[in-house]
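Here's the structure, in structure tokens; my notes come after.
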Amino acid sequence: MISRIDLRGDALPEGPALRDLLPRAEFDVQAALEKVRPICEDVHHRGDAALIDFAERFDGVRLDQVRVPAAALTRALEELDPAVRAALEESIRRARTVHREQRRSTHTTQVVPGGSVTEKWVPVERVGLYAPGGRSVYPSSVVMNVVPAQEAGVESIALASPAQAEFSGLPHPTILAACALLGVDEVYAAGGATAVAMFAYGTESCPPANMVTGPGNIWVAAAKRYFTGKIGIDAEAGPTEIAVLADDTADPVHVASDLISQAEHDPLAAAVLVTDSVELADAVEKELEPQVAATRHVDDRIVPALSGKQSAIVLVDGIDEGLRVVDAYGAEHLEIQTADATAVADRVRNAGAIFIGPWAPVSLGDYAAGSNHVLPTGGCACHSSGLSVQSFLRGIHIVDYTKDALAEVAHHVVTLAEAEDLPAHGAAIKARFGWKVPESK
């Protein structure tokens, strides 16, 4: 069901050569970009009419309007299963607890007497958030996008999720209920690239946004790439991933269940076990079969994901080598199930989120750890972070110098300007002092 990659014995290669040995899903955003281009431009030119036509084409339902009526949000919350409501409320509470601590405050640095630089943090004015609605429904993604935006102080928050024929063209009612719980009343029935285009360009019913965040399929990722530079984005999210670094102290039942839990997202989902224990590898492989047989989404998601080229059991000589492998892989979710897991986790450099020990599975982070589950994929954890309050903030430097403070450094500014052959830069300093550069004190 799952392949093996044996990296024992020989010295591990460095950098890209090691990354090339590791499993990864094929995810060609550039090829998808050419397919979403005409869709995005149609939304640009025809606005809501294009969104309605695309909902009929892609989602199989003809909409009367794109924006979800307020009554539908209220009704969805009233009809929500009380147990689901309680779980969402706890998820929101924990997410707020963590994300509130990420807020940044204005800070002033006195560089010299009379010269200071203040850094203030300003939220983006308006964001468009995306909650997927294809193979599964993701109210948790509503929580993970909305909470950090609210805690950052974003004033205008809109959310889009695909129209569902089963629900008369509205997004899934649990999505709507989550929006209502969070106080988000601007919600649109729009999916994939059309939703990103709606936020980027604006339409008759939806004002344009400054930024779009949220996970999605390859069409969402391609649309984000298309609009990079016009709007801010969080990341081009690819297929979801789990890597588990484990030794012979790990429980194979736990490891197998965690690999399966990620595989049930999508046939392109990646499930990778890195271990120095052949015995654990054998036990996990043996455990996969009964656990897979006992769950759902077997043939359309789990088996294709586990048997695909993106998933594997990787054998290494020891935990040191395992750490090199997981750093090269840069997993979206990384579980450490080893002896002294906390110390091992502290040595990891590249991961979207790290889950320590047997009692912190990825599923906890997906819903109720308080952490954010919108994380970098495809190895991007080597340079990018997950969604946070900081994603929605912009740092602005405020420079405040007196005449004396400028005079003290003027000769350096003029010298550097002339070194770069930009004499007008130096002239802008000289003009303030009668065209004679003050002598340094």
Side-chain angles (χ1 to χ4, degrees), residues 27-69 72-73 126-139 141-142 145-146 156-173 175-176 179 184 186-238 266 374:
F27 194 73
D28 192 345
V29 175
Q30 190 61 38
L33 183 63
E34 296 309 311
K35 294 183 179 180
V36 304
R37 186 187 307 273
I39 293 172
C40 294
E41 289 311 306
D42 196 16
V43 173
H44 185 196
H45 294 297
R46 295 198 299 124
D48 286 351
L51 295 172
I52 290 169
D53 287 346
F54 283 125
E56 185 171 24
R57 174 179 166 187
F58 296 131
D59 303 315
V61 59
R62 185 75 184 177
L63 304 177
D64 294 325
Q65 61 185 37
V66 180
R67 183 161 178 171
V68 174
L73 295 168
R126 176 171 167 80
V127 297
L129 311 178
Y130 187 70
R135 289 183 172 88
S136 298
V137 55
Y138 292 102
S141 288
V142 178
N145 278 270
V146 171
S156 178
I157 298 175
L159 185 136
S161 193
Q164 307 285 327
E166 181 182 356
F167 302 106
S168 303
L170 295 173
H172 194 285
I175 295 286
L176 301 184
C179 289
V184 175
E186 187 183 347
V187 183
Y188 297 90
T194 66
V196 180
M198 174 186 70
F199 288 135
Y201 286 129
T203 68
E204 299 92 328
S205 62
C206 179
N210 305 108
M211 183 178 187
V212 173
T213 73
N217 58 21
I218 193 169
W219 311 115
V220 173
K224 285 181 176 180
R225 180 175 295 186
Y226 183 67
F227 288 112
T228 297
K230 179 176 177 60
I231 57 172
I233 65 168
D234 53 345
E236 296 177 9
D266 187 277
V374 182

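Nothing here was measured: the structure is a model prediction, and the numbers come from that model.
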Check [X] against [Y] and note the closest heavy-atom contact, atom names and distance.
| X | Y | answer |
| --- | --- | --- |
| Val29 | Ile218 | N-CD1, 4.3 Å |
| Ala160 | Met198 | CB-CE, 4.0 Å |
| Val61 | Ala163 | CG1-CB, 3.8 Å |
| Pro132 | Ile175 | O-CD1, 4.5 Å |
| Ile39 | Ala193 | CG2-CB, 4.4 Å |
| Gly128 | Ala209 | N-CB, 3.7 Å |

Under a 4.5 Å cut-off applied to non-hydrogen side-chain atoms, are [X] and [Y] in contact?
| X | Y | result |
| --- | --- | --- |
| Thr213 | Val127 | no |
| Tyr226 | Glu41 | yes |
| Pro171 | Val68 | yes |
| Ile157 | Arg126 | no |
| Pro207 | Glu186 | yes |
| Leu159 | Val142 | yes |
| Tyr130 | Asn145 | no |
| Lys224 | Asp234 | yes |

[atom1]-[atom2] distance between [X] and [Y], expressed to the nearest 0.5 angstrom:
| X | Y | atom1 | atom2 | value |
| --- | --- | --- | --- | --- |
| Arg46 | Thr203 | CZ | OG1 | 12.0 Å |
| Arg57 | Ile52 | CZ | CD1 | 15.5 Å |
| Thr194 | Phe58 | OG1 | CZ | 7.5 Å |

With no hydrogens and no angle check, is any side-chain donor or acceptor of [X] less than 3.5 Å from a backbone partner on [Y]?
| X | Y | value |
| --- | --- | --- |
| Gln164 | His172 | no |
| Asn217 | Trp219 | yes |
| Ser161 | Ala131 | yes |
| Asp48 | Ser205 | yes |

With a 6.0 Å cut-off (strictly less than), is the heavy-atom count around CG of Asp64, excluding the residue itself, greater than 12?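 No, not enclosed.
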Should we count CD of Gln65 as having more than 12 external heavy atoms under 6.0 Å?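 Enclosed: over 12 neighbouring heavy atoms sit under 6.0 Å from CD of Gln65.
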Among all residues two or more places apart in sequence or in another chain, which pass the salt bridge (charged side-chain N to carboxylate O under 4.0 Å, His left out) test with Arg37?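 Partners of Arg37 under the salt bridge (charged side-chain N to carboxylate O under 4.0 Å, His left out) test: Glu34.
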Pairwise ring pair (Phe, Tyr, Trp, His ring centres under 6.0 Å) hits with a residue in residues 186-207, at least two apart: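 Sorted pair list: His44-Tyr201, Tyr201-Phe227.
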